[in-house]
Amino acid sequence: MSDLRVRFAPSPTGYLHIGGARTALFNYLLARKEKGTFILRIEDTDVARSTQESVDAILQAMQWLGFSHDEGPFYQSERFDLYRSKVQQLLENGQAYRCYCTQEELNAKREAALKSGGKPKYDGTCRNRTAAPSADAPFVVRFKSPLDGETTFVDRIKGPITFRNEELDDIIIQRTDGTPTYNFVVVVDDAEMGLTLIVRGDDHVNNTPRQIPIYRALGYPVPEFAHVPMILGADKSRLSKRHGATSVMAYRDMGYLPEAMVNYLVRLGWSFGDQEIFSMDELVEKFSLDNVGKAAGVFNPEKLLWLNAHYIKTGDPERLGELLKEYLANIGVDVANGPALPSVVKTLQERSHTMVEMAEGAAFYFRNEVVFDDDAVAKFLTIDKRPLLESVIRSLEECADWTHDGISLAFKQVMEDTGLKLGKIGPSVRVALVGGTTSPGIFEVLEVLGRKVSLQRLENVLTILK
RNA sequence: GCGCUCAUCGUCUAGCCUGGUCUAGGACACCGCCCUUUCACGGCGGCGACAGGGGUUCGAAUCCCCUUGGGCGUACCA
């Protein structure tokens with residue numbers, strides 16, 4: 001165990017999206033590589049927007065991706081007493097103050113400042129107020145940010161970053177209703193949980209100089225920071241639903257494998273020479289913040305798809321078979337009385353880009369009734385094909401060795417008998433067996449389908465020839 | 001507007017720190033050819049980038065400055 005302590009801290013206001021998954025991945029990888037500790041924390045201080053469904057969805061996605069945590073999940077909503085005591089501490093030290101300005105006043109001031117070309121920051125009206133306007137006046141608590149000087153931190157990805165303190169605002173740390181806000185609780189928790197390195201999205205760099213003074217005011221050590229670049233859509237704007245699916249689990253539903261998602265995500269912004277394919281073990285060994293790029297990256301679904309096809313192609317047929325069962329069930333196909341799933345998988349691995357595609361391509365193995373494509377039937381199952389099909393049936397009935405090679409021999413016989421090339425025979429047999437013109441190789445289909453079902457389907461087709 | 005930040009093929013990136021080995025390498029996508037019983041897989045080849053302008057230097061993708069463009073922030077959201 002090293003002393004590295006990192007965390008993933010999503011707010012449960014929706015599903016786990018691509019960007020969140022990547023920061024979770026980077027944290028997870030770092031923790032495993034350094035034999036440190038990976039903490040999961042749920043940031044649900046915004047009680048109105050946080051939901052249990054979101055928590056469940058995020059947990060489920062983390063599990064699917066294989067990001068196991070060592071501590072947590074901790075819920076900020078269960079730690080309000082801690083935060084309140086810290087707010088109290090700052091209030092007593094004079095490092096925070098009550099602010100009685102109403103939101104309307106604040107908005108008006110902001111707009112006025114913006115209009116006159118100034119900064120839309122809090123003007124400090126209540127910073128030096130000596131008494132409350134009235135005993136029961138509602139208030140928020142603001143943190144006294146330093147007025148001058150500058151705040152600098154060395155980002156592990158971006159290098160040194162400096163802000164002039166006059167740019168900082170007296171941020172609200174406790175709302176009118178008494179609940180604490182993000183920028184405050186994140187400091188308290190990151191410190192109380194002993195985090196040594198904060199790896200989070202780029203969108204937080206501006207928060208960092210506002211958080212550092214809070215660490216200091218509370219007497220906490222300031223951790224290291226690493227801000228990972230954002231993920232953009234094809235139009236270079238921030239990735240959002242209008243760019244397509246952004247939910248990690250939506251990709252599972254579309255037939256993606258978790259290892260493909262992980263591999264794609266890690267290569268978006270990180271590289272290891274020219275290597276494209278990484279197993280999780282390899283990532284734990286090779287990942288480093290040193291080769292994480294500074295620039296935002298565009299999410300490229302095509303490359304994800306390519307990786308998915310790669311992992312399907314090289315995946316274990318047993319495991320893929322189990323997964324296939326679920327995808328088949330989703331399209332109403334029961335596998336109970338069909339061929340063994342691993343053998344089905346083997347015929348489709350090389351031609352499937354997603355598990356959904358594989359399920360669609362595998363359905364014909366399991367359906368009792370072949371679903372015929374009209375165009376295919378019109379073209380390849382015409383009445384003149386009857387002698388050919390009868391020859392195929394005869395030859396297959398005599399086939400003693402029902403394997404790919406044995407079936408191949410049977411077809412050689414047909415070719416001799418009819419004088420036709422396989423190109424003239426195959427398509428009709430294919431349509432008879434699967435109903436359409438695309439499928440795995442017909443010898444494989446015959447082998448996996450089995451002698452009985454294959455001959456049944458061929459004979460059945462004799463009755464529908466036109 | 002202000003602040004922070006980023007900038008190599010359409011996209012992900014290698015190279016940049018420690019200038020010359022870069023007529024800039026790999027991958028996805030795209031195009032072509034080959035393989036082939038369909039669809040795919042695969043193999044081979046092609047197209048394609050150092051944002052622009054100054055400077056430093058014998059020499060710059062690599063160092064410095066400016067411009068332009070993008071992203072993020074500017075909430076009693078996180």
Side-chain angles (χ1 to χ4, degrees), chain A residues 9-13 43-46 48-50 76 99 101-103 106-107 110 113-121 138-142 155 158-159 161-164 166-169 171-177 179-183 185-186 200-210 227 229-230 232 234-238 264 267-277 291 293-307 309 313 348-353 357 361 376 380 411 421-431 434 436-443:
Chain A
S11 88
T13 53
E43 310 229 309
D44 54 353
T45 52
D46 185 347
R49 295 202 307 152
S50 301
Q76 293 188 319
C99 171
C101 299
T102 65
Q103 282 193 63
L106 258 21
N107 290 339
R110 224 186 328 264
L114 226 37
K115 220 167 258 174
S116 64
K119 299 181 189 12
K121 55 179 275 191
F139 63 87
V140 299
V141 177
R142 285 183 187 273
D155 192 277
K158 295 173 179 296
I161 297 178
T162 300
F163 287 78
R164 288 194 306 283
E166 60 207 68
E167 298 295 337
L168 271 29
D169 212 343
I171 57 168
I172 291 171
I173 60 177
Q174 189 177 89
R175 303 184 182 95
T176 309
D177 66 2
T179 58
T181 59
Y182 167 76
N183 273 116
V185 298
V186 75
R200 68 203 341 179
D202 221 347
D203 46 343
H204 286 293
V205 298
N206 298 279
N207 287 328
T208 308
R210 316 209 279 179
H227 289 98
M230 301 275 84
L232 276 23
D235 61 357
K236 302 252 184 185
S237 70
R238 189 181 191 150
Y264 177 72
R267 276 288 286 111
L268 213 193
W270 174 81
S271 61
F272 190 82
D274 286 340
Q275 189 171 343
E276 295 287 348
I277 306 295
N291 350 292
K294 297 178 179 184
V298 174
F299 180 71
N300 182 345
E302 273 85 34
K303 191 153 186 180
L304 208 207
L305 186 63
W306 172 75
L307 279 163
K313 218 176 305 165
L348 289 156
Q349 276 179 294
E350 286 209 334
R351 64 198 74 233
S352 306
H353 296 88
E357 201 180 307
F380 296 109
F411 271 79
K421 291 188 174 176
L422 194 52
K424 293 289 176 191
I425 305 169
S428 297
V429 177
R430 169 171 286 111
V431 176
V434 320
T437 53
T438 67
S439 81
I442 49 174
F443 300 162

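Proteins get letters first, then strands, A, B, ... in listed order; numbering begins at 1 in each.
For the C1' atom pair drawn from B:A29 and B:G46, the interatomic distance equals 14 Å after rounding to whole Å. Using atom P as the reference point in both B:C33 and B:G25, the two lie 25 Å apart (nearest Å). Across the C1' atoms, B:C41 and B:C35 are found 11 Å apart, a figure rounded to whole Å. B:A51 and B:U8 have their C1' atoms separated by 10 Å, given to the nearest Å. Between B:C66 and B:C72, the distance separating the two C1' atoms is 23 Å to the nearest Å. Taking atom P in both B:C9 and B:A49, the straight-line distance is 9 Å, to the nearest Å. For the P atoms, the distance linking B:U37 with B:G45 amounts to 25 Å, nearest Å. On the C1' atoms, B:U23 is 31 Å away from B:G70, given to the nearest whole Å.
Comparing B:A7, B:C12, B:G3 by their nearest atom to the side chain of A:Ala295 picks out B:A7. Distance from the side chain of A:His204 is smallest for B:A78 among the nucleotides B:A78, B:G3, B:A40. Taking only side-chain atoms of A:Lys313, from C-beta outward, the nucleotide of B:U37, B:C41, B:U38 with the closest atom is B:C41. Side-chain atoms of A:Lys303 lie closest to B:G26 of the nucleotides B:C72, B:G26, B:C76. Comparing B:U13, B:U5, B:G3 against the side chain of A:Leu268 picks out B:U13 as the nearest. Checking B:C6, B:G3, B:C76 against every side-chain atom of A:Lys294, the shortest atom distance belongs to B:C6. Listed candidates were B:G10, B:C39, B:C76. Nearest to the side chain of A:Asn300 is B:G10. Listed candidates were B:A78, B:A29, B:C41. Nearest to the side chain of A:His353 is B:C41. Closest to the side chain of A:Ser271, out of B:U13, B:C39, B:A27, is B:U13.
Distance, A:Trp270 CH2 to B:A27 P: 17 Å, rounded to whole Å. As a whole-Å value, the separation of A:Ile171 CD1 from B:U74 P is 11 Å. The nearest whole Å value for the distance from the CG atom in A:Leu422 to the P atom in B:U38 is 9 Å. Between the CG atom of A:Asn183 and the P atom of B:G73 there is a distance of 12 Å, given to the nearest Å. Between the CZ atom of A:Phe299 and the C1' atom of B:U13 there is a distance of 17 Å, given to the nearest Å. Atom CD of A:Glu350 and atom P of B:G42 are 8 Å apart (whole Å). For A:Leu307 and B:C28, the CG to P distance is 9 Å, given to the nearest whole Å. Going from atom NE2 of A:His227 over to atom C1' of B:G73 covers 12 Å, rounded to whole Å.
Nucleic acid contact class of A:Thr162 (heavy atoms, under 4.0 Å, all strands): sugar-phosphate only. Across all strands, A:Glu43 comes closer than 4.0 Å only to sugar-phosphate atoms, never to a base (heavy-atom distances). Looking at heavy-atom distances under 4.0 Å, A:Gly269 makes contact with sugar-phosphate atoms alone, never a base. Counting any heavy atom pair closer than 4.0 Å across all strands shown, A:Pro10 reaches no nucleic acid atom. Among the protein residues, A:Asn207 comes within range of the nucleic acid bases, having at least one heavy atom under 4.0 Å from a base atom. No contact: A:Asp177 has no heavy atom under 4.0 Å from any strand. Residue A:Glu276 is classed as a base contact, given a heavy-atom separation below 4.0 Å to a base. Within the 4.0 angstrom heavy-atom criterion, only backbone atoms of the sugar-phosphate kind lie near A:Val298; the bases stay farther away. Heavy atoms of A:Lys424 sit nowhere under 4.0 angstrom from any nucleic acid atom.
Each of A:Ser11 and A:Gly297 was matched to the nucleotide of RNA chain B holding its nearest heavy atom; the match closer to the 5' end belongs to A:Gly297. Both A:Pro120 and A:Tyr182 lie near RNA chain B, and the one whose nearest nucleotide falls closer to the 5' end is A:Pro120.
Counting only heavy atoms from C-beta outward, the side chains of A:Tyr182 and A:Asp46 never approach each other to under 4.5 Å. A:Thr208 is not listed as a side-chain neighbour of A:Phe163, based on a closest heavy-atom distance of 4.5 Å or more. For the pair A:Thr13 and A:Asp44, the minimum side-chain heavy-atom distance is 4.5 Å or more. Contact check for A:Val185 versus A:Glu43: no side-chain heavy atoms found under the 4.5 Å cut-off. With contacts defined as side-chain heavy-atom distances shorter than 4.5 Å, the pair A:Arg238/A:Asp203 qualifies.
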Short heteroatom pairs, N/O only, protein and nucleotides 61-71 of chain B, under 3.5 Å:
none

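A 3.5 Å limit on both hydrogen-bonding distances identifies no Watson-Crick or G-U partner for B:U18. Shown here, B:G32 forms a base pair with B:C44; the pair counts as Watson-Crick or G-U wobble because both key distances fall under 3.5 Å. Using Watson-Crick or G-U wobble geometry with both donor-acceptor distances under 3.5 Å, B:G1 finds its partner in B:U74.
In terms of polar N and O atoms assigned as donor or acceptor, the side chain of A:Thr181 never comes within less than 3.5 Å of the base of B:C76 in a complementary pairing. At a cut-off of 3.5 angstrom, the base of B:C41 holds no donor-acceptor pair with the side chain of A:Arg351.
The phosphate of B:A78 has OP1 or OP2 within less than 4.0 Å of a side-chain N or O from A:Thr45. Phosphate proximity of B:U37 to A:Arg430: absent, as no side-chain N or O sits under 4.0 Å from OP1 or OP2.
Within the 3.5 Å criterion, the main-chain N or O of A:Ala376 finds no donor-acceptor partner in the side chain of A:Thr437. Formation of a donor-acceptor pair under 3.5 Å by the A:Arg267 side chain with backbone atoms of A:Phe272 is not found in this model. No donor-acceptor pair closer than 3.5 Å links the side chain of A:Thr45 to the backbone N or O of A:Thr181.
Ring geometry, A:Tyr264 versus A:Phe299: the interplanar angle exceeds 60°, so the pair is classed perpendicular (tilted spans 30 to 60°).
Side chains of A:Ser439 and A:Arg430: a donor-acceptor N/O pair is present below 3.5 angstrom, by distance only.
Salt bridge present: A:Lys303 and A:Glu276 bring a charged side-chain N and a carboxylate O closer than 4.0 Å.
The glycosidic torsion of B:C16 lies more than 90° away from 0, which places this base in the anti conformation.
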